[in-house]
2 protein chains.
Amino acid sequence: MTTNDGGQITERKRGSGVKMVYDLLRDEILDLKLVPGSPIDEVQLAARFGMSRTPIREALVRLAGDGLIETLPNRSTLVSNIDFLNMHAYFDALVLMYRVTTRLAALHHTTDDLHLIRGLQDEFAAAVQAQDALGMIATNAGFHSAIAAAGRNHYYASFFERLLVDGRRILRLYYQSYEDQLPSRFVEEHAEIIAAVEARDVAAADRLGKIHAEQIVEQINRLLTRYQSSDIQL
Amino acid sequence: MTTNDGGQITERKRGSGVKMVYDLLRDEILDLKLVPGSPIDEVQLAARFGMSRTPIREALVRLAGDGLIETLPNRSTLVSNIDFLNMHAYFDALVLMYRVTTRLAALHHTTDDLHLIRGLQDEFAAAVQAQDALGMIATNAGFHSAIAAAGRNHYYASFFERLLVDGRRILRLYYQSYEDQLPSRFVEEHAEIIAAVEARDVAAADRLGKIHAEQIVEQINRLLTRYQSSDIQL
DNA sequence: TGTATTTTTCTTGTCGACAAGGCTCTCACG
DNA sequence: CGTGAGAGCCTTGTCGACAAGAAAAATACA
């Protein structure tokens, strides 16, 4: 368990240690390399990264603020569990934010936004083509984050970002379910969304965003009910 | 400027220092006792609270996570400015969350929720009666937070909570504008919202939440344009 | 007198060490 | 054999001190 990777004792710049630890732990949690519920030891991390416990601690405080870890006072800190019980609430919020951000993008986007979005859409298509699940997750999130950014509402964008991060562990399971038949359909739906945004067709953007989101939700629900035989409400 | 309040050197319990500093600084920022843009000195805070810089630092990291302070690397950390430029984006999100949370409360509330909501509504009415602006802010936020909680969607509730916190500095100006004619109308609107929630009338709850929010937004906008036209810097 | 450079100072970032709280294992006792 | 108190261990929380960056001040020079 005590894999000693990343243990380079090179000179770091002054404020970079915290960010490095934060980013790395975040990725390891979201990629399920650190399984939910497993404990996180500060001194072990300090030894692994060759630094004191202080910057490790700051990174952990940040992660706790993101809800990715939970810290039991005076006891231990462990990776947050995936909240399967309130999944319907998550999906409800996700669908709404897909709708709202796409709708606002149709209203407020610029040509630069469209360039960026198209580039990310190409990356997503390439990841689908290459059957690269992790790449699909990243590029899909990037695509929709760019759309949210084009909507020019920082509050929606950050909330949406948080939802995408929260759901990344779910989405990872989700995309793994496509090992056989890959969702080339989503590439087409993305293209339709781009077209609606470019045409500034707010109603169509709203509708397409809703359809796109609901299809993903339905697919994940199908996956979940297959894995655990409990009834999930929507 | 260096008021030395709260400097009690009593024995504290082990993990309580961070929370105390966090809560107190948060309140001071949101109540505009710490004006936006003003610097925050760690050693000064450490001396004021009679503790080391370490717990102070953790509280500051948390506050930075909430977006209430901004930390310039290797330089200083200062109270975040109020984002007047993107106010319309804030209001857009606020109205939507008023609608969504009220709607969901109509769907999913229990009788216990209603009891809690009514109690908070009474407190709000009392604060309005007493012309207590700070009390009105707190009890109004509590009222709508309780409604959000009754909606049984943690993601909406936490986002809404964040919006209310973010806007508390604005709302403080807003409620101060009611020094003459107090918004007893809002008490009635709250009562209507409660009735719609209790009757599980989703459409009415949605509509009332929207009206309620838009009226507040309109009032704040009127206030802002009044400040803007008189060239009052904040 | 104006500008470039150096020095000083001030704040933050990091470290190693120590103390406190909780868990576990052991052991006495019913 | 079961139960509860106590000792030891293990992790976190806090501290004081030092180092690094950057702004401000002081100095040298044209």
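Convention: sequence-line order gives letters A, B, ...; per-chain numbering from 1.
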Integer-rounded Å distance: C:dC23 C1' and A:L72 CG:
13 Å
Should A:D23 and A:K19 count as an ion pair when the cut-off is N to O under 4.0 Å?
yes
Side chain of B:S52, heavy atoms from C-beta onward: which of D:dG13, C:dT11, D:dG16 has the nearest atom to it?
D:dG16
Output the distance between atom CG (B:D166) and atom NE2 (A:H154), rounded to the nearest 0.5 Å.
8.0 Å
Take atom CD1 of A:I69 and atom C1' of D:dT12, then tell me their distance rounded to the nearest Å.
13 Å
Rounding to a whole Å, what distance do you find between A:L45:CG and D:dT12:P?
9 Å
Hey, could you give me the CG/CD distance between B:N140 and B:E123, rounded to the nearest 0.5 Å?
12.0 Å
Whole-Å distance between D:dT11 C1' and A:L78 CG?
12 Å
Nearest-angstrom distance from the residue atom CD1 of A:I40 to P of D:dT11:
14 Å
Classify the side chain of B:R14 and the base of D:dT14 as holding, or not holding, a donor-acceptor pair under 3.5 Å.
no
How long is the line joining CG of A:N74 and P of C:dC23, in whole Å?
10 Å
Is any side-chain N of the basic residue among A:R48 and A:E28 closer than 4.0 Å to the acidic one's carboxylate O?
yes
Can you pull out the residues from residues 53-65 of chain A that lie within a 4.0 Å heavy-atom distance of DNA chain C?
A:R53, A:T54, A:P55
Using the rule given for ring pair (Phe, Tyr, Trp, His ring centres under 6.0 Å), can you reason through A:F124 versus A:F143, listing the C-alpha separation, both sets of side-chain angles and the distance that settles it, and then say yes or no?
CA-CA 8 Å; A:F124 176 70; A:F143 174 79; 7.2 Å; no
Could you check whether B:Y155 and A:Y90 have their ring centres less than 6.0 Å apart?
yes
In whole angstroms, the gap separating P of D:dT14 from NZ of B:K13 amounts to 13 Å
Whole angstrom value for the distance that separates C1' of D:dA17 from CD of B:E42:
15 Å
